[in-house]
Amino acid sequence: MTHELAKTYEPQNVEDRIYKSWIDGGYFHAQVDPSKKPYTIVIPPPNITGQLHMGHAMDETLQDILIRFRRMQGYSALWLPGTDHASIATEAKIVEAMREEGITKEEIGREAFLERAWAWKEKYGGRIVEQLKKLGSSCDWERERFTLDEGCSKAVREVFVRLYEKGLIYRGERIINWCPHCKTSISDAEVEFEEKDGFFWHIRYPYADGSGYIELATTRPETMLGDTAVAVHPDDERYRDKVGKMLILPLVNKEIPLIADEYVEMDFGTGVVKITPAHDPNDFEVGLRHNLPVINVMDEEGYMNENAGKYAGMSALEAREQIVKDLEAQGLLLRVEPIRHNVGTCYRCGTVVEPMISKQWFVKMKPLADPAIRAVETGKIRFIPERMDKIYFSWMNNIKDWCISRQLWWGHRIPAWYCDSCGELFVSREDLTVCPKCGKPLRQDPDTLDTWFSSALWPFSTLGWPEKTEELKYFFPTNTLVTGYDIIFFWVARMIFSSLEQMNDVPFDTVFFHGLVRDAQGRKMSKSLGNGIDPLEIIEKYGADALRYTVVTGNSPGNDIRFSDEKIAASRNFANKIWNAARFIRMNLEGEEIGAQLPETLTLEEQWIVSAYNRIVREVTENLEKFELGIAVQKVYDFLWDVFCDWYIEIAKIRMQQGDREAALGAKKTLVFVFSGTMKLLHPFMPFITEEIWQSLPHEGESIMVSQWPKYDPALENAEAEEKMGNVMEAIRAVRARKAEMNVPTKKTHLYIATAHPDTYRESEAILQKLSYSAEIEVADRFEIDGAVTIVTADARLYLPMAELVDREAELRRLEKELDSARRQMATVEAKLQNEAFMQKAPQNVIDGVRANGEKLSEKIRMIQSEIEALG
RNA sequence: GGACGUUUAGCUCAGCUGGUAGAGCAUUCGCUUGACGUGCGAAGGGUUCACAGGUUCGAGUCCUGUAACGUCCACCA
């Protein structure tokens, strides 16, 4: 297919059409193919509630680059897409929508609520997927999955039952984090600490024997209703003889003991801690050690419960105010001290979490963490950048049991059934209705599982596990996981231990971490700041390729990047540059039937560009294999713009305009070969424009995305041609610079070239003539020219006879300056060569390099000197 | 309290296993050079890469320490 190529690249006219052609071609679909090696990436499933944001844009772009690269290399490359049901986030959205209608989920009940949730999922769940397509993501959509679909649900239940049977899942009363807004427990990982202003209320607790008071301080006075002890440090002199005495808990008028525990720090605050086992994780531990009763004074909504006596029914905050007042009235409040302290908040809604005792389901982590630590230690899983492993280890080494039950409806329901008659508990793969023991009806646990429980299984649940599918056998373990460092605990760590436990293998061999996309000022993009940039608007305006290029260029693994108008504009300009190079080539191809092969024999400049291209092929491939995507794309950019366009196209014009059909054909073939190959190198980064261009040039095959990745070919390497062209280019630059300096940039002048290598320059005469704006060119080993501008390059002396423009004095000064600089460089070279330590210890190739440099310099110095003599 | 990251041209950032610094943007000058002004050519700009030591023949690149900024973890009631 051919299209008229517009003067500027218009991605809007290209992208959707190309994407559709890829889908229609079935190129995204990866098959189980024993003749190929598999390469697999599973997508970090975006939330169905989500809208595409810049974080996704970067994440998906990196994955698509890797997948497209491997696919072209001949792997059976599977990029498995899907979405996450995101229990808390989704449920919150639906509850919110219902609130606007004036109904609550309790009113309509579980079933009706879930119906709404699924309807919502059907309506909005596809939105993010459509947005991913806009980026050009080459996901295998035929294999799209959802964390709550049948297969994933089956996997979740299988894992739950297995872990339960192994004793790695248990139900128990522990301190958990309760979010009063989301009305569910959340895991430790889901608590974010925020520094907030608060108060230290200093309170007196009287001794029961009337022998005075003990002073303590608390930030949460309302919890005192659940105090069951007061603790001091065992070594604290002040209380040595008091430990063991009873205290009267104010307001409650109950006796509680004064105990000694190492947990208390003598130097902090008053050195006295009230112990509330039901509402503080540390106190809970203390309580266990001292066998203290646990009194929960709050309900799940964050209101004081019946244990709170007269405060029952108040919210925690109301109770706090009242309690402070009451203490004050009784003269037990000593003072109030303002402090800044860290408060745990819910990562979803930001509400201050309430630590409280609750009966929940937990995963016992220690046995799972050990193999997970080893997998990274031994290198079975590699983190890029490597430093991420420290974060991982520190978390895994200090891991606590994982609270997995949520008081939500949208999610995987816990497969546990209770018999209210005989009190038995059953955990089962199959739904149960009657008690296998006593035949009475069973009641299923109302809770659902933490969303991350299902995403932890994603690398294998999506491939069909627990069934033994062909896909699972072929594509698992997956290869690369691409994700942001912000979900290393939530997701990466949990996939690792889940996979090791269930599959007895790692889920992936490499984790490629990227950073955050920040705004132009370096701030995190956020809704509240309103500084978010919508990738879809960027795509609309600049094209997906420009967006993709922007998020990978100048970026290194694990580091954040800033997104700015300047950057996206620069990317757009690059796309336009490529576009016009293609336009030029196509224009010159009209009426020619040429293939995609190189000509049989190559001229010097063709040898040079092909050799340079060939090197780029090798380097870009290596960079991609090492996940150095930013470096890889930078190399393609530099080659395409600075080498191919700025030099080779200009050079090729000469032969194409000369009228010699054979010569022109050679140039055209070379242009096509190098440019098409470069389009392939660029394709993973900028898939749309490269496809559009590749199709418009002579090519073999249906699509660039299933064409073969260019291979480095040692036969194309030509150091001699590169050296020769390097000299020619240096001469051209030097002439241009001199003319620019003299304000006659395009003046056509004669050019005399005195050199020891005349062949090179004679061969390149036409090039020199055109690019240096020369009239006629003469090449010899030496010239005697009066009143000429002289230029000395490493390889030649160049004369521009512009007597009328030459200022002898100025020429002399310039040459002196050049001589000076050459001599200074020479001095450092000589210093090295005379340094015995250097000569002895430096490797031979470095010494050779310095020597060669020295020879060049001395030749240059000699030439400059003779010019100075000639002038003087 | 602990760990980690960053600190390189005016701005945003590259710089792999150590061999005397690069890009994009911005700036200045000059170009209707028949692919592209979203362009072309040329130029200036780092007191040598936050600072102080050290290792080395040689350090932006390795080690130690300091400072500023940032991130994560822990959390003292």
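Lettering follows sequence order; numbering is per chain, from 1.
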Give each protein N/O atom lying under 3.5 Å from an N/O atom of nucleotides 1-11 of chain B, with the pair distance.
none

Look at the side-chain N and O atoms of [X] and state whether any lies under 4.0 Å from the OP1 or OP2 oxygen of [N].
{"X": "Lys739(A)", "N": "A42(B)", "value": "no"}
{"X": "Ser556(A)", "N": "A14(B)", "value": "yes"}
{"X": "Lys577(A)", "N": "C40(B)", "value": "yes"}
{"X": "Asn573(A)", "N": "G39(B)", "value": "yes"}
{"X": "Lys635(A)", "N": "C16(B)", "value": "no"}

Study note, to complete from the structure: Note, RNA chain B 5' to 3' with Watson-Crick or G-U pairs under 3.5 Å encoded as ( ), [ ], | and . gives (((((((..((((........)))).(((((.......)))))......(((((.......))))))))))))....
Review point. For Asn573(A), what residues pass the side-chain hydrogen bond (donor to acceptor under 3.5 Å, both in side chains) criterion, not counting sequence neighbours?
Key: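 Partners of Asn573(A) by the side-chain hydrogen bond (donor to acceptor under 3.5 Å, both in side chains) criterion come out as none, since no residue qualifies.
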Check your understanding: Which residues satisfy the side-chain hydrogen bond (donor to acceptor under 3.5 Å, both in side chains) test with Thr550(A), sequence neighbours excluded?
Key -> Ser571(A)
Check your understanding: What do you reckon, are the aromatic ring centroids of Phe627(A) and Phe512(A) less than 6.0 Å apart?
Key ->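 So the answer is yes for these two rings.
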**Study point:** Distance-only donor-acceptor test, Asn342(A) side-chain atoms vs C75(B) base atoms, 3.5 Å
**Key:**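 When only heavy-atom distances are counted, Asn342(A) does reach the base of C75(B) through a donor-acceptor pair under 3.5 Å.
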**Study point:** Residue pairs passing the salt bridge (charged side-chain N to carboxylate O under 4.0 Å, His left out) test where at least one lies in residues 565-574 of chain A, sequence neighbours excluded
**Key:**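 Matches after skipping sequence neighbours: none remain.
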Point to revise | Minimum-distance nucleotide to Arg572(A) side chain [options: A35(B), U38(B), U33(B)] | key: U38(B)
Check your understanding: Does the pair Lys635(A) and Asn623(A) meet the rule for a side chain to side chain donor-acceptor pair (under 3.5 Å), with working shown?
Key -> CA-CA 10 Å; Lys635(A) 281 180 181 164; Asn623(A) 289 137; 2.9 Å; yes
**Study point:** Residues within residues 636-651 of chain A bordering RNA chain B, heavy-atom distance below 4.0 Å
**Key:** Tyr637(A), Trp641(A), Cys645(A), Asp646(A), Ile649(A), Glu650(A)
Review point. Do any of residues 510-517 of chain A sit with a heavy atom less than 4.0 Å from RNA chain B, and if so which?
Key: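 Contacts with RNA chain B under 4.0 Å: none.
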Distances for protein N or O near nucleotides 60-70 of chain B N or O, under 3.5 Å:
none

Exercise for review: Apply side chain to side chain contact (heavy atoms under 4.5 Å, CB included) to Val633(A) and Leu682(A), showing your working.
Suggested key: CA-CA 7 Å; Val633(A) 76; Leu682(A) 189 60; 4.2 Å; yes
Check your understanding: What residue pairs, at least two apart or across chains, pass side chain to side chain donor-acceptor pair (under 3.5 Å) with a residue in residues 257-274 of chain A?
Key ->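 Qualifying pairs, neighbours excluded: Thr223(A)-Lys274(A), Asp227(A)-Lys274(A), Asp261(A)-Arg289(A), Asp261(A)-His290(A), Lys274(A)-Thr276(A).
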Revision key, fill the gap. Sorted by chain and number, sequence neighbours left out, salt bridge (Lys or Arg N to Asp or Glu O under 4.0 Å) with Glu628(A) holds for none
Review point. Applying ring pair (Phe, Tyr, Trp, His ring centres under 6.0 Å), which residue pairs with at least one partner in residues 546-573 of chain A are found, sequence neighbours left out?
Key: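 Counting only pairs at least two positions apart or across chains, the ring pair (Phe, Tyr, Trp, His ring centres under 6.0 Å) contacts touching residues 546-573 of chain A are Tyr549(A)-Phe574(A), Tyr549(A)-Tyr637(A).
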Check your understanding: Hey, does Phe574(A) reach any base, or is it just sugar-phosphate, or nothing, if we go heavy atoms under 4.0 Å?
Key ->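 No contact at all - Phe574(A) keeps every heavy atom at 4.0 Å or more from the nucleic acid.
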**Study point:** Side-chain donor-acceptor contact under 3.5 Å, Glu215(A) with His202(A)
**Key:**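 The answer is yes; a qualifying pair exists.
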Sequence neighbours left out, cut at 3.5 Å: what donor-acceptor pairs do the side chains of residues 829-844 of chain A make with other protein atoms?
unit_1: Asn835(A); atom_1: OD1; unit_2: Ala837(A); atom_2: N; d: 3.0
unit_1: Asn835(A); atom_1: OD1; unit_2: Phe838(A); atom_2: N; d: 3.2
unit_1: Gln844(A); atom_1: NE2; unit_2: Asp848(A); atom_2: OD1; d: 3.0

